[in-house]
Amino acid sequence: MNEAPSRSEPQLEFSFEFDADPDKVWKAISVEAFRKRWLPDQNVLEVLHETQREQLELVIEETEPPHHQGIVTFSVRANGRGGTIFGIVHRRTIARVAANDAVPRMLLAA
(Lines give C-alpha, C1' and ligand atoms only; values in the text may rest on other atoms or scores of the structure.)
Protein backbone atom coordinates (compact mmCIF):
# COMPACT_ATOMS: atom_id res chain seq x y z
CA MET A 1 0.00 0.00 0.00
CA ASN A 2 1.41 3.40 -0.95
CA GLU A 3 0.92 6.20 1.50
CA ALA A 4 1.30 9.87 0.69
CA PRO A 5 4.82 11.01 1.47
CA SER A 6 5.34 12.96 4.64
CA ARG A 7 6.63 16.50 4.46
CA SER A 8 10.09 16.42 5.90
CA GLU A 9 13.53 17.90 5.60
CA PRO A 10 16.12 18.23 4.10
CA GLN A 11 15.20 20.76 1.46
CA LEU A 12 16.88 22.63 -1.35
CA GLU A 13 15.84 26.15 -2.35
CA PHE A 14 16.68 27.89 -5.62
CA SER A 15 15.67 31.20 -7.14
CA PHE A 16 16.23 32.26 -10.74
CA GLU A 17 15.41 35.36 -12.74
CA PHE A 18 14.36 35.03 -16.37
CA ASP A 19 13.78 37.60 -19.10
CA ALA A 20 10.65 35.65 -20.14
CA ASP A 21 7.26 36.87 -18.96
CA PRO A 22 5.55 34.97 -16.08
CA ASP A 23 2.89 33.42 -18.36
CA LYS A 24 5.56 31.74 -20.47
CA VAL A 25 7.39 30.40 -17.40
CA TRP A 26 4.11 29.19 -15.88
CA LYS A 27 3.31 27.31 -19.09
CA ALA A 28 6.73 25.61 -18.96
CA ILE A 29 6.04 24.15 -15.51
CA SER A 30 2.30 23.54 -15.63
CA VAL A 31 2.02 21.77 -18.99
CA GLU A 32 3.29 18.21 -18.53
CA ALA A 33 4.82 17.87 -22.00
CA PHE A 34 6.92 21.01 -21.48
CA ARG A 35 7.84 20.08 -17.88
CA LYS A 36 9.12 16.67 -19.03
CA ARG A 37 11.64 18.42 -21.30
CA TRP A 38 13.56 19.86 -18.36
CA LEU A 39 12.62 17.25 -15.72
CA PRO A 40 12.91 14.08 -17.83
CA ASP A 41 13.89 11.75 -14.97
CA GLN A 42 10.90 12.51 -12.73
CA ASN A 43 7.40 11.09 -12.58
CA VAL A 44 4.67 13.31 -11.16
CA LEU A 45 2.69 11.19 -8.72
CA GLU A 46 0.28 13.85 -7.49
CA VAL A 47 -0.51 17.53 -7.73
CA LEU A 48 -0.79 18.68 -4.11
CA HIS A 49 -1.60 22.33 -4.67
CA GLU A 50 -1.93 24.76 -7.54
CA THR A 51 -2.52 28.48 -7.39
CA GLN A 52 -3.12 29.43 -11.02
CA ARG A 53 -0.09 31.21 -12.52
CA GLU A 54 1.64 31.55 -9.11
CA GLN A 55 2.48 28.26 -7.41
CA LEU A 56 2.52 24.56 -8.25
CA GLU A 57 3.31 21.84 -5.70
CA LEU A 58 3.96 18.28 -6.91
CA VAL A 59 4.88 14.91 -5.46
CA ILE A 60 7.60 13.53 -7.73
CA GLU A 61 9.47 10.26 -7.94
CA GLU A 62 12.73 9.45 -9.69
CA THR A 63 12.31 7.09 -12.65
CA GLU A 64 15.49 5.17 -11.78
CA PRO A 65 16.05 3.03 -8.66
CA PRO A 66 15.97 3.62 -5.75
CA HIS A 67 12.98 5.80 -6.82
CA HIS A 68 13.34 8.55 -4.24
CA GLN A 69 10.30 10.71 -3.75
CA GLY A 70 10.05 14.39 -2.97
CA ILE A 71 7.75 17.38 -2.90
CA VAL A 72 8.66 20.15 -5.30
CA THR A 73 7.11 23.61 -5.10
CA PHE A 74 7.49 25.95 -8.06
CA SER A 75 6.66 29.64 -7.67
CA VAL A 76 6.34 32.23 -10.42
CA ARG A 77 6.10 35.99 -9.99
CA ALA A 78 6.76 39.07 -12.08
CA ASN A 79 10.02 40.92 -11.42
CA GLY A 80 8.60 44.34 -12.36
CA ARG A 81 10.75 44.61 -15.50
CA GLY A 82 8.81 42.27 -17.79
CA GLY A 83 10.64 39.17 -16.56
CA THR A 84 10.04 36.47 -13.99
CA ILE A 85 11.38 35.42 -10.60
CA PHE A 86 11.16 31.64 -10.53
CA GLY A 87 11.54 29.72 -7.27
CA ILE A 88 12.01 26.03 -6.62
CA VAL A 89 11.83 24.33 -3.23
CA HIS A 90 12.54 20.58 -3.18
CA ARG A 91 11.85 18.61 -0.02
CA ARG A 92 12.93 15.01 -0.07
CA THR A 93 10.46 12.77 1.68
CA ILE A 94 11.23 9.83 3.88
CA ALA A 95 9.42 6.69 2.79
CA ARG A 96 7.04 5.29 5.35
CA VAL A 97 7.15 1.60 6.22
CA ALA A 98 3.91 -0.25 6.72
CA ALA A 99 3.15 -1.14 10.34
CA ASN A 100 2.87 -4.85 9.50
CA ASP A 101 6.23 -4.95 7.70
CA ALA A 102 7.99 -6.91 10.43
CA VAL A 103 9.86 -9.21 8.07
CA PRO A 104 13.56 -9.21 8.93
CA ARG A 105 15.84 -8.21 6.11
CA MET A 106 18.78 -10.49 5.26
CA LEU A 107 21.64 -10.23 2.83
CA LEU A 108 22.81 -13.41 1.21
CA ALA A 109 26.44 -14.00 0.41
CA ALA A 110 27.19 -15.71 -2.87
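Side-chain atoms are counted along with the backbone in the values below, which use heavy atoms only and exclude waters and symmetry mates. Sequence positions, counted from 1, serve as the residue numbers for this chain.
Note that CD1 of I88 and CG of L56 are 11.5 Å apart. Values are rounded to the nearest 0.5 Å. Between atom NE2 of residue H67 and atom CG of residue N43 there is a gap of 9.0 Å, rounded to the nearest 0.5 Å. The CD atom of E46 sits 12.5 Å away from the CD atom of E61 when rounded to the nearest 0.5 Å. The distance from the CD1 atom of I29 to the CZ atom of R53 is 11.0 Å, given to the nearest 0.5 Å.
Side-chain atoms of Q69 and L45, non-hydrogen and from C-beta on, do get closer than 4.5 Å to each other. Considering only heavy atoms from C-beta on, Q55 comes within 4.5 Å of T73 through its side chain. A heavy-atom distance below 4.5 Å is found between the side chains of L58 and R35. The shortest distance between side-chain heavy atoms of D41 and K36 does not fall below 4.5 Å. A heavy-atom distance below 4.5 Å is found between the side chains of E62 and Q42.
Tracing side-chain contacts under 4.5 Å through hydrophobic residues (I, L, V, M, F, W, Y), one never reaches F34 starting from F74; they form parts of separate clusters. Cluster membership for W26 and V47, using ILVMFWY side-chain heavy atoms within less than 4.5 angstrom, is shared. Residues L39 and V25 fall within the same hydrophobic cluster, defined by Ile, Leu, Val, Met, Phe, Trp and Tyr side chains chained together at heavy-atom separations under 4.5 Å.
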Which atom pairs, one a donor and one an acceptor, fall under 3.5 Å between side chains of residues 14-23 and the rest of the protein, sequence neighbours left out?
| from | atom 1 | to | atom 2 | distance (Å) |
| --- | --- | --- | --- | --- |
| E17 | OE2 | N79 | ND2 | 2.9 |
| E17 | OE2 | R81 | NH2 | 2.1 |
| D21 | OD1 | D23 | N | 3.0 |
| D21 | OD1 | K24 | N | 3.2 |

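Residue Q52 places its CD atom among more than 12 non-hydrogen atoms of other residues, nucleotides or ligands, all under 6.0 Å distant.
Of the residues E57, E13, Q11, the one that meets the side chain to side chain donor-acceptor pair (under 3.5 Å) test with R91 is E57.
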